[in-house]
S.K.: 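Okay, here's the structure, questions in a sec.
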Amino acid sequence: MTSYKAENFPELKNDLILRASRGEKIERAPVWIMRQAGRYLPEFQELRKNHSFFEICRTPELACALTLQPIDRYGKLLDASIIFSDILVIPQAMGLEVQMVAGKGPVFPAPLETPECFSRLTENVDVEKELGYVYQAITLTRHKLDGRVPLFGFIGAPWTLMAYMIEGGGSKTLAKAKSWLWKYPKESHALLQRITDIAVEFLVGQVRAGAQMLQVFESWGGELSPQDFKVYSLPYIRQISSKVKERLNSEGLEAVPMTIFAKGSWYALTDLSESNYEVVSLDWTIDPAFARKMTNDKVALQGNMDPTALYGGFDAIREIATKMVHAFGKDSRHIANLGHGILPTVDPEALKVYLETVQTVSAEIRK
Ligand code: 1CP
């Protein structure tokens with residue numbers, strides 16, 4: 001095992017994303033990509049040949065190597081890194097088995113069917129013991145990054161994780177998970193609360209280990225109606241940010257900027273901007289001007305080019321990326337990204353064109 005400690009980290013040389021999150025005036029938009037370490041990179045495929053997905057997550061040296069791949073490849077074109085892991089490590093820590101099936105994605109062989117299945121969940125999860133491997137990966141990576149860019153830690157938001165735990169994998173309708181909300185509202189809240197408590201502990205641990213920013217992925221937010229989002233998603237998203245901030249403060253740890261990405265939940269932008277997150281991440285269906293208005297200029301915005309635009313050829317990418325940068329305008333509180341994760345069959349050179357365009361155009365319009 002590594003002997004790296006969560007102290008004496010190398011000095012940060014590029015803090016653009018931290019400054020953008022705090023609303024400071026900066027010379028260009030920082031840019032990073034959700035799922036930037038992943039299947040579209042040949043170097044990822046190469047390493048993945050010899051190791052299973054969760055073996056990589058659980059081996060700090062391998063998770064670190066994958067986190068660094070896009071940073072090494074794209075150099076100064078990326079302004080942040082994100083620790084290689086998955087949102088489903090929390091359900092695993094709670095006692096559910098998760099397999100990563102080639103061509104299919106994550107599969108739970110025994111998902112939760114009714115609240116009686118709670119008996120299969122671990123009562124008091126020891127987060128350090130179950131997920132300490134993520135902390136070790138973060139500490140190691142923070143050292144190996146050598147201050148090139150800040151490192152994100154992350155979690156899946158409670159509703160999204162609950163949905164996976166009941167559906168047992170990806171789903172088009174979330175019919176099983178949503179039927180819990182109508183059939184078992186009390187038990188649904190109990191499950192969401194259990195996940196929230198672990199999420200808070202896990203995020204604080206990630207910061208203690210060296211994470212410099214945090215992102216919460218509510219990937220299935222948009223499957224909820226605006227009313228149900230207020231009941232089953234928002235309260236837990238808010239608890240997470242407030243409790244993480246309180247805990248960091250009481251442990252004497254420095255506050256880190258927090259980002260919320262609730263995919264599909266355009267209707268909740270005002271609520272999300274009043275939820276103790278510094279950054280609200282937008283999917284590609286949201287017009288940046290609409291988002292600025294809905295968030296009353298209270299937060300930095302992240303996003304939001306359609307990930308499939310990376311299939312359009314270099315000229316189209318330049319054109320669409322340029323339009324996106326202009327749509328966010330000169331306001332310093334923009335962190336460029338895609339509107340969701342990069343797709344596995346994208347040409348890595350196409351991503352390079354996107355990153356270059358964003359950096360050049362955003363610097364030009366701020367002159
Ligand atoms: O580079 C990075 O972004 C870091 C690593 C990372 C992150 C942040 C991975 C690696 N997964 C995630 C988050 C994640 N995982 C989300 C939230 C973001 C999003 O909405 O895309 C979700 C929903 C998952 C669940 C998951 N894990 C899926 C989606 C399945 C579905 O229901 O559509 C898949 C395919 C995975 C596997 C996975 N996670 C990460 C990678 C590189 C892979 C592919 C694994 C492989 O087959 O090699």
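Atoms within a ligand are numbered from 1 in the order they appear, just like the ligands themselves.
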S.K.: Suppose we measure from atom 7 (C) of ligand 1 to each protein heavy atom; which comes out shortest, and what is that distance?
M.R.: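 Nearest protein contact, heavy atoms only, for atom 7 (C) of ligand 1 is Phe154 CZ, 3.6 Å.
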S.K.: Could you walk me through whether Phe44 and Leu66 pass the side chain to side chain contact (heavy atoms under 4.5 Å, CB included) check?
M.R.: CA-CA 7 Å; Phe44 171 91; Leu66 284 187; 3.6 Å; yes
S.K.: Using a 4.0 Å cut-off to any heavy atom of His340, which atoms of ligand 1 qualify?
M.R.: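 Those of ligand 1 that fall under 4.0 Å from His340 are 19 (C), 20 (O), 21 (O).
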S.K.: Using a heavy-atom cut-off of under 4.0 Å, does the side chain or the backbone of Arg48 touch ligand 1, or both, or neither?
M.R.: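 It is the side chain that touches ligand 1; the backbone stays farther off.
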S.K.: So do the side chains of Ile87 and Tyr164 get within less than 4.5 Å of each other, counting heavy atoms only?
M.R.: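 When only atoms from C-beta onward are counted, Tyr164 and Ile87 do touch, with a gap below 4.5 Å.
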S.K.: Report yes or no: does Ser219 have a heavy atom closer than 4.0 Å to ligand 1?
M.R.: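 Right, Ser219 reaches ligand 1.
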S.K.: Does one hydrophobic cluster hold both Trp284 and Tyr354, with members joined at side-chain heavy-atom distances below 4.5 Å?
M.R.: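 In one cluster: no.
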S.K.: In Å and rounded to the nearest 0.5 Å, what is the CD to CG distance from Glu46 to Asn50?
M.R.: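 Glu46 CD to Asn50 CG: 7.0 Å, rounded to 0.5 Å.
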S.K.: At a 4.0 Å threshold, what atoms of ligand 1 neighbour a non-hydrogen atom of Gly170?
M.R.: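 In order of number, 32 (O).
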S.K.: Do Arg142's NZ or CZ and the ring of Phe9 fall within the cation-pi criteria of under 6.0 Å and 45°?
M.R.: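 Yes, Arg142 and Phe9 form such a contact.
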S.K.: So if I apply the side chain to side chain donor-acceptor pair (under 3.5 Å) rule between Tyr236 and each of Gln193, Glu218, His189, which one comes out positive?
M.R.: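 Of the listed options, the one satisfying the test is His189.
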S.K.: For atom 1 (O) of ligand 1, which protein heavy atom lies nearest, and how many Å away is it?
M.R.: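 Nearest neighbour among protein heavy atoms for atom 1 (O) of ligand 1, to 0.1 Å: Ala37 N, 2.8 Å.
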S.K.: Give the C-alpha distance, both sets of side-chain angles, the deciding distance and a yes or no for ring-ring contact (aromatic ring centres under 6.0 Å, His included) between Phe84 and Phe53.
M.R.: CA-CA 10 Å; Phe84 190 86; Phe53 178 75; 5.6 Å; yes
S.K.: Taking atom types as modelled, find out whether Ser225 and Tyr267 have a side-chain donor-acceptor pair closer than 3.5 angstrom.
M.R.: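 Note: Ser225 and Tyr267 side chains miss the donor-acceptor criterion.
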S.K.: Report the C-alpha separation of Trp159 and Phe229 in whole Å, then their side-chain angles, then the decisive distance to 0.1 Å, and conclude whether the ring-ring contact (aromatic ring centres under 6.0 Å, His included) test is met.
M.R.: CA-CA 9 Å; Trp159 158 245; Phe229 187 88; 9.6 Å; no
S.K.: Tell me, which protein residue and heavy-atom name are nearest atom 41 (C) of ligand 1, and how many Å apart are they?
M.R.: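 Looking only at protein heavy atoms, the one closest to atom 41 (C) of ligand 1 is Phe53 CE1, 3.5 Å.
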S.K.: Quick one: do Asp331 and Lys25 make a salt bridge, cutoff under 4.0 Å?
M.R.: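 Result for this pair is no, no salt bridge flagged.
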S.K.: Students should be able to answer this: which protein heavy-atom is nearest to atom 42 (C) of ligand 1, and at what distance?
M.R.: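 The answer is Phe84 CE1, 3.6 Å.
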S.K.: Can you find a non-hydrogen atom of Tyr164 under 4.0 Å from ligand 1?
M.R.: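 The answer is yes, since Tyr164 has a heavy atom less than 4.0 Å from ligand 1.
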S.K.: Is Ile83 touching ligand 1 with its side chain, its backbone, both, or neither, if touching means heavy atoms under 4.0 Å apart?
M.R.: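 For Ile83, only backbone atoms sit under 4.0 Å from ligand 1.
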S.K.: Out of His51, Lys263, Arg35, who is nearest to atom 3 (O) of ligand 1 when you count heavy atoms only?
M.R.: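 Checking each option, the heavy atom nearest atom 3 (O) of ligand 1 is found in Arg35.
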S.K.: Starting from atom 36 (C) of ligand 1, what is the nearest protein heavy atom, named by residue and atom, and what distance separates them?
M.R.: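 Nearest neighbour among protein heavy atoms for atom 36 (C) of ligand 1, to 0.1 Å: Asp86 OD1, 3.6 Å.
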S.K.: Measure from atom 35 (C) of ligand 1 to every heavy atom in Lys104, Arg39, Gln69, Met100 and give the option owning the shortest one.
M.R.: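 Comparing heavy atoms across Lys104, Arg39, Gln69, Met100, the nearest one to atom 35 (C) of ligand 1 lies in Arg39.
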S.K.: Below 4.0 angstrom from a heavy atom of Ile82, which ligand 1 atoms are there? Numbered from 1 as shown, please.
M.R.: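 Counting atoms of ligand 1 from 1, those under 4.0 Å from Ile82 are 1 (O), 2 (C), 3 (O), 4 (C), 8 (C).
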S.K.: Should Arg28 and Asp79 count as an ion pair when the cut-off is N to O under 4.0 Å?
M.R.: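 So Arg28 pairs with Asp79 through a salt bridge.
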S.K.: Tell me the contacting part of Pro106 for ligand 1: side chain, backbone, both, or neither, using a 4.0 Å heavy-atom threshold, strictly below.
M.R.: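 The answer is the side chain.
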S.K.: For atom 6 (C) of ligand 1, what is the closest protein heavy atom, and at what distance to 0.1 Å?
M.R.: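 Result for atom 6 (C) of ligand 1: Ser85 O, 3.4 Å.
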S.K.: Could you identify the single nearest non-hydrogen protein atom to atom 18 (C) of ligand 1 and state the distance to 0.1 Å?
M.R.: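 Ranked first by proximity to atom 18 (C) of ligand 1 is Phe217 CD2, 3.4 Å.
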